[in-house]
Amino acid sequence: DASKQAAYPMQFDYVSKCILMFQNLDGVEVLLFGFYIQEYDDECPEPNRRRCYLAYLDSVKYFEPSGLRSPMYQTILNGYFAQAKSRGFVAGYIWACPPLKGDDYIIYCHPDSQMIPKSERLRTWYHKMIDRAVAEGIVVERTNIYDEHMVVKPRARCVRLAPCTAARLPFSRLGARARCRARTMLS
């Protein structure tokens, strides 16, 4: 069993949180944006110790004024990451994979006219958010799981691949991650 050979922990306890944003539209409180985050605290073994994972994010297009929709959502996410940093979390992971038409992660029903971003546009949206967080001192750097956990960066000029085992990669219970990766590999 590879997990025993690499001393991979048998479980990773975490706290799941749901952050929601409502707006009063014509006298009715309407859920417009939300996300689930998984927090792995100081008690969690490596490689997950003091890390958080943005598991699911969902929104509907009714935010007013519409031109401030993305900046508002990005501000809420960066506010969460600033708060997590102040509580001692050292890394935040975001799985940026758009849903398929008809997938409802948090909000039960989306308008037919709501566009679903393509993968590249969604990554760009998150990169813009993270770059803003870097500029504001919330985030130290933007990287990815491959560069962070699979590449050895020696002092020499060359970069070589590190021996990759499951024990080196952070664990997350992101069901969307597996589905998205499978869709990407099959398309």
Side-chain angles (χ1 to χ4, degrees), residues 2-21 33-59 70-98 105-106 119 122-181 184:
S3 66
K4 288 180 184 171
Q5 292 172 4
Y8 201 70
M10 293 304 293
Q11 71 180 41
F12 293 95
D13 293 331
Y14 65 92
V15 173
S16 181
K17 295 182 177 181
C18 182
I19 312 293
L20 303 173
M21 187 203 86
F33 173 77
F35 61 93
Y36 278 96
I37 197 95
Q38 298 169 353
E39 295 181 344
Y40 297 82
D41 64 16
D42 275 335
E43 303 298 317
C44 186
E46 291 293 350
N48 283 45
R49 182 175 294 132
R50 296 187 304 152
R51 286 165 170 72
C52 51
Y53 297 83
L54 181 62
Y56 296 102
L57 182 144
D58 204 352
S59 68
S70 278
M72 175 59 78
Y73 297 167
Q74 291 172 342
T75 298
I76 292 168
L77 284 165
N78 281 338
Y80 167 79
F81 286 117
Q83 195 264 349
K85 180 181 178 181
S86 75
R87 292 184 294 124
F89 286 89
V90 298
Y93 295 95
I94 300 171
W95 186 257
C97 184
Y105 291 141
I106 299 171
S119 292
L122 186 59
R123 275 192 298 276
T124 299
W125 190 90
Y126 280 118
H127 285 176
K128 184 177 178 181
M129 179 198 82
I130 296 165
D131 291 345
R132 184 172 145 206
V134 168
E136 293 174 5
I138 297 166
V139 170
V140 176
E141 70 174 326
R142 173 169 49 101
T143 186
N144 59 57
I145 287 180
Y146 178 80
D147 290 342
E148 192 71 17
H149 297 281
M150 295 182 197
V151 174
V152 174
K153 297 171 188 138
R155 292 187 183 144
R157 292 186 185 181
C158 66
V159 174
R160 61 185 167 81
L161 291 180
C164 186
T165 67
R168 295 191 62 200
L169 298 174
F171 171 81
S172 177
R173 293 195 180 277
L174 305 182
R177 172 181 289 172
R179 289 193 305 274
C180 177
R181 184 71 182 133
T184 302

A.B. asks: Roughly how far, to the nearest 0.5 Å, is the OH atom of Tyr93 from the OH atom of Tyr40?
C.D. replies: 11.0 Å
A.B. asks: Walk me through it: do Arg132 and Thr75 pass the test side chain to side chain contact (heavy atoms under 4.5 Å, CB included)?
C.D. replies: CA-CA 9 Å; Arg132 184 172 145 206; Thr75 298; 2.8 Å; yes
A.B. asks: Looking at Asp42 and Arg49, what are the two nearest heavy atoms and their distance?
C.D. replies: O-NE, 3.2 Å
A.B. asks: Just to verify, what does Ser16 make a side-chain contact (heavy atoms from CB on, under 4.5 Å) with, not counting sequence neighbours?
C.D. replies: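 Residues passing side-chain contact (heavy atoms from CB on, under 4.5 Å) with Ser16: Tyr14, Tyr36.
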A.B. asks: Looking at Val134 and Val140, what are the two nearest heavy atoms and their distance?
C.D. replies: CG1-O, 4.2 Å
A.B. asks: Under the side chain to side chain contact (heavy atoms under 4.5 Å, CB included) criterion, do Val90 and Arg51 qualify, and how do the steps go?
C.D. replies: CA-CA 6 Å; Val90 298; Arg51 286 165 170 72; 4.0 Å; yes
A.B. asks: Around atom CE of Met21, are there more than 12 heavy atoms from other residues, nucleotides or ligands closer than 6.0 Å?
C.D. replies: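 Result for CE/Met21: enclosed.
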A.B. asks: Could you tell me which non-hydrogen atom of Ile94 sits nearest to which non-hydrogen atom of Met129, and how far apart they are?
C.D. replies: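 Of all heavy-atom pairs spanning Ile94 and Met129, the closest is CD1-CE, 3.7 Å.
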A.B. asks: How about Tyr73 and Phe35: do any of their side-chain heavy atoms sit closer than 4.5 Å?
C.D. replies: no
A.B. asks: Identify the two heavy atoms, one from Trp125 and one from Gln74, that lie closest to each other, and give their separation to 0.1 Å.
C.D. replies: O-NE2, 3.1 Å
A.B. asks: As an exercise, state the distance from OH of Tyr80 to CD1 of Ile37, rounded to the nearest 0.5 Å.
C.D. replies: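 These two atoms lie 4.5 Å from each other.
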A.B. asks: Apply the test side chain to side chain contact (heavy atoms under 4.5 Å, CB included) to residues Asn48 and Tyr53: give CA-CA distance (whole Å), side-chain angles for both, the deciding distance (0.1 Å), then the verdict.
C.D. replies: CA-CA 10 Å; Asn48 283 45; Tyr53 297 83; 3.6 Å; yes
A.B. asks: Please examine the side chains of Phe12 and Gln38, heavy atoms only from C-beta on, and report whether any two atoms are closer than 4.5 Å.
C.D. replies: no
A.B. asks: Determine whether Leu54 and Tyr126 make a side-chain contact, defined as any pair of heavy atoms from C-beta on separated by less than 4.5 Å.
C.D. replies: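 SC-SC contact between Leu54 and Tyr126 confirmed.
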A.B. asks: Name all residues meeting the side-chain contact (heavy atoms from CB on, under 4.5 Å) criterion together with Asp13; count only those two or more places apart in sequence or in a different chain, and write none if there are none.
C.D. replies: Gln11
A.B. asks: Specify the closest pair of heavy atoms between Ala133 and Asn78, including all atoms of both residues, with the distance to one decimal.
C.D. replies: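 Here Ala133 and Asn78 meet closest at CB-OD1, 3.4 Å.
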A.B. asks: Determine the minimum heavy-atom distance between Leu57 and Leu77, stating which atoms define it.
C.D. replies: CD1-CD1, 3.6 Å
A.B. asks: Quick check: are there more than 12 heavy atoms from other residues, nucleotides or ligands sitting under 6.0 Å from NZ of Lys128?
C.D. replies: no
A.B. asks: A side-chain contact here means heavy atoms from C-beta on lying under 4.5 Å apart; do Phe81 and Cys52 qualify?
C.D. replies: yes
